[in-house]
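What follows is a set of notes on a single structure, which appears directly below.
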Amino acid sequence: LLWLLGLPAVLAGSMSPAHISLWVFLVSYIFVGIEEVGVQVEQPFEITPMTRLCNVIMLNLEEALAMPPPAEASEQGGGADE
């Protein structure tokens, strides 16, 4: 970011203001684009629906593990002891 802020000052003596604006825009667009691609490569699952799917699965598992076992199986007795 600092490099992009200093670029107009470096180009000031060698180009007209219109050319400086054009080159600063182009260089900024390229560098910000490269940065965005880097962010997406670091965390690819943030841009795919896999994150939502994994969160739903995690919530379902937490809910299933937090519930006590059904009381019907222990009340019926199993048949062999009766």
*Heavy-atom pair with the smallest gap, counting every atom of Val24 and Pro8*: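 What the structure gives for the nearest pair is CG2-CG, 3.8 Å.
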
*Any side-chain heavy atom of Asn55 within less than 4.5 Å of one from Met58?*
yes

*asked:* Within the 4.5 Å heavy-atom criterion, are Glu35 and Val39 side-chain neighbours or not?
replied: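 SC-SC contact between Glu35 and Val39 confirmed.
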
*Does one hydrophobic cluster hold both Phe31 and Val10, with members joined at side-chain heavy-atom distances below 4.5 Å?*
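In one cluster: no.
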
*Can you tell me how far the CZ atom of Phe25 sits from the CD1 atom of Ile30, to the nearest 0.5 Å?*
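Atom-to-atom, Phe25:CZ and Ile30:CD1 are 10.0 Å apart.
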
*asked:* For the SG atom of Cys54 and the CG atom of Leu59, what is their distance to the nearest 0.5 Å?
replied: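 Going from the SG atom of Cys54 to the CG atom of Leu59 covers 11.5 Å.
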
